[in-house]
Every structure is written in structure tokens, then in C-alpha cells.
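One structure is given here, and the rest of the page talks about it.
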Amino acid sequence: MAAELTAPELIAKHRPTLDQALEAIRTRAYWSPHPEHPKAYGENGSLDAAAGKAAFDALLGNRLDLADQPGIDDWVGDEVSPYGIELGVTYPHADLDVLLPAMRAGQRAWRDAGPELRAMVCLEILKRISDRTHQFAHAVMHTSGQAFMMAFQAGGPHAQDRGLEAVAYAYAEQIRTPQSTEWSKPQGKRDPLALAKTFTSVPRGIGLVIGCNTFPTWNGYPGLFASLATGNAVLVKPHPRAVLPLALTVRIARDVLAEAGFDANLVALAAERSGEGIAKTLALRPEIKIIDYTGSTAFGDWLEDNARQAQVYTEKAGVNTVVVHSTDDYKGMLSNLAFSLSLYSGQMCTTPQNLLIPRDGITTDQGPKSFDEVTADLARAVEGLLGDDARANALLGAIVNPDVKARLEAAAGLGEVALASREVANPEFPGAVVRTPVIVKLDGAKPDDEAAYMSECFGPVSFVVAVDSVTDAAELLRRTVREKGAMTVGAYTTDAGVEEAIQEVCLEESAQLSFNLTGGVYVNQTAAFSDFHGSGGNPAANAALTDGAFVANRFRVVEVRRQA
């Protein structure tokens, strides 16, 4: 079949974008080709708000076909939106013994295409996903429980940025070695030794992306596009409660691959029956050579320990900490923290959990504040932010699953409640479970309290922990990151010595750190092309999104030497 998308056309269309992405990861400056505002869509083939909603609605209650993906032996799917809607979408269930060999069949041509053309195909996939951002926003919203605007941005342009970032890193690492060279070694009076050498980037095999419930695209795209751009086929195994966004992604990828003259089976979907639990089975298949996983620490550790045939990249869980020592913008600090604790009901791997505050209080631009005053003022800031139900719904979204709700309800029994959680009604979606955060006071000197603040409590739960001094806070921070891991660390201080001490802890324990955030940037947000998500250097994750290490081991360089 002749390619409908030729290499020259793809290069002419997407090479400028790739060049800009390469420059962005070099400079770490702000850049994004994907608009964040919903009104930016509706021209040049992209769906506007109404068309995107209609495209989402058209999926409900129907089969999502995947262009003749081989090995289909059933149709599965029982997703229920956290907003109370049954999606009713069904997906092809695969016979792995048929699908996996079919995926390997197209790898030679994909390998031989080379880094540039592979990158261009990946960018065409991302462009088509971007054109359907409004449709993806509803799909992410109704599988993750994110509020619409967050689903639109985090599930759309921000996820697409992370995918493009991975492609840029993959391309840069692959072209680091030249494709060929003429090698000559002088031999004095004798003729030199001469060889012609070629160097080819070869894929490891099939990459497996194990999707998560909360951020199916944002966390799924880096691994998917890093593996695809480095020549590997990719099997996408979504979380059973969040299949739709990744199934749509697979469908678009398969269409683009086929139009570019490659085997559509280079990207495939592995949906599962209710309770089937195929992730372990897939992870141990000999054909699987790369695994990308976001989710619980227990399963991430299992993958690292047992999937020995694969290169495993995990983002697991940690206990994120904020040290509060002093501030010259007390109101801004409280506002920033309140938003960070509330966004998406705390269901982010970057949301702060422990706030370490000296029991003697802190210094501020409003005068000294006691431990109890800071805690009470933070509680009031969260109450004020979420006092209006419409605004609360827009920030909180919905509780993603019953386990989060259970942890939220149990947290009130762990200590003195500084801020109680309340139910919020959602008039548009009466079935949504919406809860405001709970803040619990704990004493860092009490052994009984340690079990609470030294364990991850994923969801809208935070602990204000009294410590004897900022030195004790720094040491508790060190122990927390070393033993439990952290995706983010925050600190507020006006003291240069304290700042240096906390920074040194984070450098030694490999934790990403933010100081004195009081404006519109929050500790639980990262920007593609500039910020690293995780470090890969503490127990919360063994990889960073995205750096050279995230892509470089997805391919190997094979050398062929010939006598010149």
C-alpha cells in the first residue's frame, strides 16, 4: 500500500516543531505549540467545543474499533464516570499470542525509517490528538474525575507537550552517534588500517505502557512516545477505569502509522475484562522489553523486582512535604498552599501531604504567627477558596474511586481535625462524589502520629506536623524522602541559611524543590520542556519525565564494520 503521508511531506510539516522542541529542552525556557484555551480550537481541522462534545457523546454506548487490530476474541469495557455516568464504551480484547507476534512484524520497517522520520510520524499523531483536544477533555474528565478545565489542559495540551518532549529527547539521543564514519588508524610506514563503520539505533522490542486512573494521557504519553520514537512497537494497557482516552490515542496512532506506510500494529491496545488483571501477565511476557508504569508503590516495586527481561520505568508514590519556616508574603503563601491542597481533590502524585511547621511558630510580614495560628489560617484559606460550590466543583473535580473516599473519611480519626471535609453538590452531575480537603494536626514528636504522616494518604488529606525546630524539619524531610520518596518538596523561608540547608537535603536525596511560591505557580504543577517531573533518584520514581535517561535505554546502537 502506498503511503498517503510521504516522508518529505511529514518532514516539511513537522520539522520546525521538532526544532523548536529541541531548542526548548536545551534552554529550559517556556514554550508550547498546544494552546491551553478552549477557544483556540475550531479551525484548521481541529474540533471546537460543540464538535468535541458531540464526538465524545457519539462514543458512548458503542464499540471503539481499532482498524482491524489482530487477535480480537471479545469486546470488553465497563467504565463508570466518577461523575456518575456509565460510559458504555467497549473495546477489543486481545489474544496475546496473536497480537504480540503481529506487533513485532512491522518493527523492521519502523527501525529502518530512522530517527527523523519516526519523530515526524509521532508529531503527526500528536497533531491529530491536539485537533481533538475537546473530545479528549471529556474522555479524561469522565474517566479520571478531573474537573473539565483541568481535564482539558492537563489531559490535552499539557499531556501533548509531555509526549512531544519525549520525542525531542528521543531524537536528540539517537542522533548523538553518527550514522556512519570512515575510520583510519595510521600504521607508520605501512598503509593505514581502514574500516567503514555504520551505527544503527535498534529498538529493544515491544514497549508496554501501563496506564493510570488519574492522569491517563499526561502520565501515559511520555512512555508511549519515547518508545515509539526510538523504534519500538508499543502495547497500551490502560487502567480499567480509564480506558477511553488511551484507546482514542491508540486509534489515532494506528491511523497515522498506516497512512505513513507503516504497520498499524506498531501501536495496539490491551483492554481487559473486569477483574482480569492482565498487567502482571503482560509484564512477564518475553516479547515485552520496556515497561512504563504509573501507580501504586506495591505494584511498581513488583515490576522492578520481577520483570527482569524488560527495562522498567516507574512513577510510584511518595510523601510530599512542605517546610514552613518564614515568609514575607503570608497571605500569598496561604493562598498558594490552599490551592495546592485543593486542586483535583489532592489526587495528584505531586500534591503536598505533610506541612512541617515549628511548634514555636513562624515569622511573617504580618508579625509572628504561632503553630496554631498558621494551621487555623490555612484552614480558613481553604474554606474561603472552596466556600462557593460552583468554584469548589471547578477546582475539586470528583473523587476518582471509593478507596480515596475511604482514606478521606478515615483521616479524621488520625489526629485533631483543623479543617473538616464537607460534601459538595454538583448540580450538573448529581452522582458525583465531591469532597473538600481535610487538614489534620499531628505532633512530630509523638511516635503514634508518625505512622500517619510517614505513610502516603493519596487524596484530599494533609497533615500539619509540629516540629521542634527548622533543623528538625529538615531532618524529618530528609528521612521522609529517603524512606518514602517524594515527587515534590516545597519550602517557605526568608533565611538564606535555612534555604541552603533545605536545598542541600533535596540535592542529596534527589527531590525536586520549590521555594516561596506565592503566585500562580504551584508546587504540584510542572511545565514540559522546562521542569522535570520526579528525579528518578528517590523511592517515589525510578525515572524522570523527561530527561535523556528516560529515552536513551529504549534503544541500543549496533555497529557494523566493513573492510575499506
Side-chain angles (χ1 to χ4, degrees), residues 1-22 25 33-34 44-46 66-69 102-132 136 159-175 179 200-207 209 217 220-236 246-269 290 292 546 550-551 554-555:
M1 182 183 70
E4 299 173 35
L5 296 170
T6 66
E9 290 171 341
L10 286 168
I11 292 170
K13 182 177 182 181
H14 295 299
R15 183 73 215 199
T17 301
L18 178 62
D19 288 341
Q20 287 179 289
L22 292 167
I25 63 174
H34 303 114
N44 300 318
S46 64
L66 290 177
D68 300 322
Q69 178 174 298
M103 293 184 70
R104 296 176 67 178
Q107 281 199 300
R108 178 175 178 176
W110 187 235
R111 177 201 71 198
D112 292 346
E116 184 179 38
L117 182 53
R118 286 197 297 266
M120 299 302 107
V121 172
C122 288
L123 264 60
E124 177 66 20
I125 295 168
L126 285 165
K127 173 63 169 64
R128 296 197 191 181
I129 292 170
S130 177
D131 287 345
R132 307 188 77 82
F136 272 85
Q160 296 152 22
D161 284 348
R162 284 296 185 191
L164 175 55
E165 180 184 44
V167 174
Y169 270 103
Y171 177 78
E173 291 298 324
Q174 289 174 98
I175 65 167
Q179 290 183 326
T200 303
S201 297
V202 300
R204 280 189 171 272
I206 297 176
V209 175
T217 55
Y221 283 3
L224 192 166
F225 284 100
S227 286
L228 193 62
T230 49
N232 303 278
V234 182
L235 180 60
V236 179
L246 290 178
L248 287 171
T249 302
V250 169
R251 184 164 72 176
I252 290 171
R254 291 175 64 84
D255 287 345
V256 172
L257 285 163
E259 290 175 33
F262 297 102
D263 192 332
N265 295 323
L266 287 165
V267 177
L269 183 76
I290 304 166
D292 288 276
T546 302
F550 185 70
V551 301
R554 295 171 190 265
F555 68 95

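The closest donor-acceptor contact from the side chain of Gln69 to the backbone of Leu269 lies under 3.5 Å. Checking side-chain atoms of Arg554 against main-chain N and O of Phe550 turns up a donor-acceptor pair under 3.5 Å. Proximity of a side-chain donor or acceptor of Asn232 to a complementary backbone N or O of Pro203 within less than 3.5 Å is not detected. Within the 3.5 Å criterion, the main-chain N or O of Ile25 finds no donor-acceptor partner in the side chain of Glu165.
Pairing each heavy atom of Gly223 with each of Val209, the nearest pair is C-CG2, 4.1 Å. In this structure, Gly205 and Gln107 approach most closely via the heavy-atom pair O-NE2, 2.7 Å. Scanning both residues, Tyr171 and Ala119, for their nearest heavy atoms gives CD1-CB, 4.5 Å. Between Val234 and Ser227, the closest heavy-atom pair is CG2-CB, 3.8 Å. Contact detail for Ala113 and Arg118: the closest heavy-atom pair is CB-CG, 4.3 Å. Summarising the geometry of Arg162 relative to Pro222, their closest heavy-atom pair is CB-CG, 3.9 Å, with the distance given to 0.1 Å.
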(message) Determine whether Leu5 and Glu124 satisfy the following criterion, side-chain contact (heavy atoms from CB on, under 4.5 Å), listing intermediate values before the conclusion.
(response) CA-CA 10 Å; Leu5 296 170; Glu124 177 66 20; 4.1 Å; yes
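Counting heavy atoms from C-beta on, the side chains of Gln20 and Pro33 never come closer than 4.5 Å. At least one side-chain heavy atom of Glu173 sits under 4.5 Å from a side-chain heavy atom of Phe555. Considering only heavy atoms from C-beta on, Leu224 stays 4.5 Å or farther from Asp292 through its side chain.
The structure places CG of Leu164 at 11.5 Å from CD1 of Ile129, a figure rounded to the nearest 0.5 Å. The CD1 atom of Ile290 sits 12.5 Å away from the CG atom of Leu235 when rounded to the nearest 0.5 Å. Once rounded to the nearest 0.5 Å, the distance linking CG of Leu126 with OG1 of Thr249 reads 9.0 Å. If you take CG on Asn265 and CD1 on Ile206, they are separated by 10.0 Å, rounding to the nearest 0.5 Å. To the nearest 0.5 Å, atoms OG1 (Thr546) and CZ (Phe225) are separated by 12.0 Å. The distance from atom OG1 of Thr230 to atom CH2 of Trp110, rounded to the nearest 0.5 Å, is 10.0 Å.
Heavy atoms from other residues, nucleotides or ligands lying under 6.0 Å from CG of Asn44 number 12 at most. For CZ of Arg111, the number of neighbouring non-hydrogen atoms (other residues, nucleotides, ligands) closer than 6.0 Å is greater than 12. Within 6.0 Å of the CG atom in Asp19, the count of heavy atoms belonging to other residues, nucleotides or ligands exceeds 12.
A salt bridge links Arg15 and Glu116; the closest N-O separation between the charged side-chain nitrogens and carboxylate oxygens is under 4.0 Å. Salt-bridge check for Lys127 with Asp131: passed, with a basic side-chain N closer than 4.0 Å to an acidic carboxylate O.
The residue from Val250, Asp255, Leu228, Val267 that alone fulfils the side chain to side chain contact (heavy atoms under 4.5 Å, CB included) condition with Ile125 is Leu228.
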